[in-house]
Protein chains: 2
Amino acid sequence: MARKPRRTSAVEKKLVGVADVVITAAQRYRDPTLAIPVRSLSNVTFNERKGLLEMGKRRQARSFFNVGMAKKFMQTVLVADALCELQRADLTTSLREIYYRTKHTIKNSHENTLDTQDESDPLIEDLEVTLETLREELHVRAENAGSVVGPLVLVDDGDRVDCARLGKGGYSVPSIVEPEYLQIKKCTADFVLLVEKGTQWNRLSEDKFWRKYNCILLTGNGQPPRGVRRLARRLHEEKRLPVYVLVDNDPWGYYIYSVIKQGSINLAFESQRMAIPKAKFIGLSSGDPESYGLPRNVGIKLNDKDIARARELLSYTWFQKKSWQEEIKRMLSSGLKYELDALANKDFQYLTKKYLPRKLKEKDWLD
Amino acid sequence: MARKPRRTSAVEKKLVGVADVVITAAQRYRDPTLAIPVRSLSNVTFNERKGLLEMGKRRQARSFFNVGMAKKFMQTVLVADALCELQRADLTTSLREIYYRTKHTIKNSHENTLDTQDESDPLIEDLEVTLETLREELHVRAENAGSVVGPLVLVDDGDRVDCARLGKGGYSVPSIVEPEYLQIKKCTADFVLLVEKGTQWNRLSEDKFWRKYNCILLTGNGQPPRGVRRLARRLHEEKRLPVYVLVDNDPWGYYIYSVIKQGSINLAFESQRMAIPKAKFIGLSSGDPESYGLPRNVGIKLNDKDIARARELLSYTWFQKKSWQEEIKRMLSSGLKYELDALANKDFQYLTKKYLPRKLKEKDWLD
């Protein structure tokens, strides 16, 4: 509420541009057409130098005077209109509410503008890539599903939030952490520890690990949602903090790490503002059970899906480094995966008191 | 960390009592036996006067000198030992970590103490009911998956957390909110609004609804986890705040409300410290689409599962009130369910500016 007086935002101008396409075409008796970048694997490349996934230049025309495209064109303009409303009112909303907002029965017909959310979600992605704006800049939020504690002071809606003084619970990371909504006021940490699961984050928060190791503890309670990734990226970029990723030792953990590091194939165009190419994988590594003396009986047998997924990862460009090939192959040859929770087999505080201190001391991480 | 110096807690004494059973029996050459309350529907009753589910008095003996029970007896003692370790070290942990902590291969054998978490989870529940302690008092946490904002000051680990000064994001509700861990320092709100989904909570938080209506906004991002329910209950009990529950209009929404109100069948013994028998259902009601002019096309057709579930709810003792029978039957006869998100069809801020203000003004809720 305590935001600056409204002026037309760059994003609003871009959205109005969608309507301009229609108006300009109409004035010139032309077919209104949008050129939408193709969002498929075939139009995604891995930029080795930058270390992130990028979208190629292929575009597809979406025209109004085309029986196969007319409805989709209309829907695209409708969604752009709803997104424009958000900008003007300075509000955020969810994908689902965009769907509801744009759903109407067309006058003198039984036809709905949209029938299901499956129709509006991809249009929002189309607009993201076409207008080169992050979903967050379009004011579309996802769930808030993250927590942060550590020596970090944020400003949220004019409130000064000191993440070192929020007990064990911490600050609930919002879905949208763009500078417009959330400012990083002060940060004296040495690094960010991005923890996959809430249970280990709780362990570390309870043990005040962040105080002893001067770090920011961040979790998304599972695969990190966009807000958590964006916050890690901002801390990395604006405060030059290294980011260490702590995940289970299974193909899913490797995948989570890789999405944090170079982005996801589905949303490749976002990588330039979401990915953290220098993020390090601190564990759990397939070498850790031996190094840290974890018994085999706390390992879990890899199932067929795990094996197939691990083999797939082996073939990805960004896992071609020798160290990564070894890491994944060692998991495959052991036939076992290990959860971070298994460290509790040694001691409830093993993660805080032994595992991470040794990892950090030995700089034992993968790049 | 800033907690009082440790003395033997009441819970620790109870856990030690489990070992005492074994020792006393051994000294007397008897069969060590635990009497464990039966956790099944047949041992659950609805207390009409108190308005909550209660566990009956039936108990089952678990003995050591019994081929069918010996392993389970051993496992129960093992889990009690791990829980005792938590008390002594003043730590909290997860169900999964308890499993890992107690898993060992028995000396000179290939037999594991436990093979899967399915074996340890029910033992923790057994100990909860046998020792009459909440899981939280046993220091076993679940996910933290909730957020709170509003005129509420908490103390978490010695930190003063003012939930009116945490921006839109709010305080991340921990899994364990027992007075030992979290103190309610100050609360000047008039009521608690417990919102099912994060998206509506975000809407209300962004619009500072809590400021205008002097309330506490609480969500668990879906079915409220134990920490969120316990916090609502504590605010209700200690600060005498009414609790209003806002859920989708579907059988699942009714069910969520009923669990908040009188507890769940599975964990009936916890109702006395989790349930809020006076909680009110503020919406979405099956009468709302008409009262608030929601078009039929934003309703979702009830599927077979919804219909079966709604009919089941109709038969529950606690839904026998005339108003509830009407509520559920109206949904069935309309053939439609409505999500809270559908209110966005009218206007992105309809929930904040029209729907809830009118609901509160007209005191339009169900009991």
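This structure is a prediction, so every number in the text was calculated from the model and none was measured. Letters go in sequence order (proteins before strands), and every chain restarts at 1.
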(message) Using heavy-atom distances under 4.5 Å, tell me whether Q117(B) contacts chain A through its side chain, its backbone, both, or neither.
(response) neither

(request) Could you tell me which residues in residues 92-103 of chain A have at least one non-hydrogen atom under 4.5 Å from a non-hydrogen atom of chain B, sorted by residue number? (result) T92(A), T93(A), S94(A), R96(A), E97(A), I98(A), Y100(A), R101(A), K103(A)

(request) Name the option with the most non-hydrogen atom pairs under 4.5 Å to chain B; the candidates are G146(A), G198(A), G169(A), A164(A). (result) G169(A)

(request) Take C187(A) and L235(A), measure what side-chain contact (heavy atoms from CB on, under 4.5 Å) needs, and give me the verdict at the end. (result) CA-CA 8 Å; C187(A) 176; L235(A) 289 167; 4.3 Å; yes

(request) Report yes or no: does Q200(B) contribute a side-chain atom to a donor-acceptor pair with the main-chain N or O of E196(B) at less than 3.5 Å? (result) no

(message) For the interface with chain A, which of D115(B), V155(B), V148(B), D347(B) has the highest count of heavy-atom pairs at distances below 4.5 Å?
(response) D347(B)

(message) Between A142(B), G227(B), P174(B), G170(B), who has the most heavy-atom pairs with chain A when the cutoff is under 4.5 Å?
(response) G170(B)

(request) With a 4.5 angstrom heavy-atom cut-off, could you sort out which part of N202(A) is near chain B: side chain, backbone, both or neither? (result) both

(request) Determine whether V161(A) and V153(A) make a side-chain contact, defined as any pair of heavy atoms from C-beta on separated by less than 4.5 Å. (result) no

(message) I need the residue from I176(A), V177(A), V173(A), L86(A) with the largest number of non-hydrogen atom pairs under 4.5 Å to chain B.
(response) L86(A)

(message) Are the side chains of P179(A) and R234(A) in contact, using a 4.5 Å heavy-atom criterion?
(response) yes

(message) If you define the side chain from C-beta out and look only at heavy atoms, does anything of Y338(B) sit under 4.5 Å from R296(B)?
(response) yes

(message) If you count heavy-atom pairs within less than 4.5 Å of chain B, which of R165(A), K197(A), R141(A) leads?
(response) R141(A)

(message) Is any side-chain heavy atom of W252(B) closer than 4.5 Å to one of Q223(B)?
(response) yes

(message) Given 3.5 Å as the limit, does a donor-acceptor pair link the side chain of T219(B) with the main chain of S147(B), or not?
(response) no

(request) Side chain from CB out, backbone as N, CA, C, O: work out which of these in K346(A) comes under 4.5 Å of a heavy atom of chain B, or both, or neither. (result) backbone

(request) Indicate the ring-plane relationship of Y350(A) and Y292(A), choosing parallel, tilted or perpendicular according to the 30° and 60° boundaries. (result) perpendicular

(request) Measure the shortest side-chain to side-chain distance between D207(B) and L91(A) over non-hydrogen atoms and say whether it is less than 4.5 angstrom. (result) yes

(message) Treating D121(A) as the side-chain partner and D118(A) as the backbone partner, does any N or O pair qualify as donor plus acceptor under 3.5 Å?
(response) no

(request) Identify which part of L343(B) has an atom lying under 4.5 Å from any heavy atom of chain A, answering side chain, backbone, both or neither. (result) neither

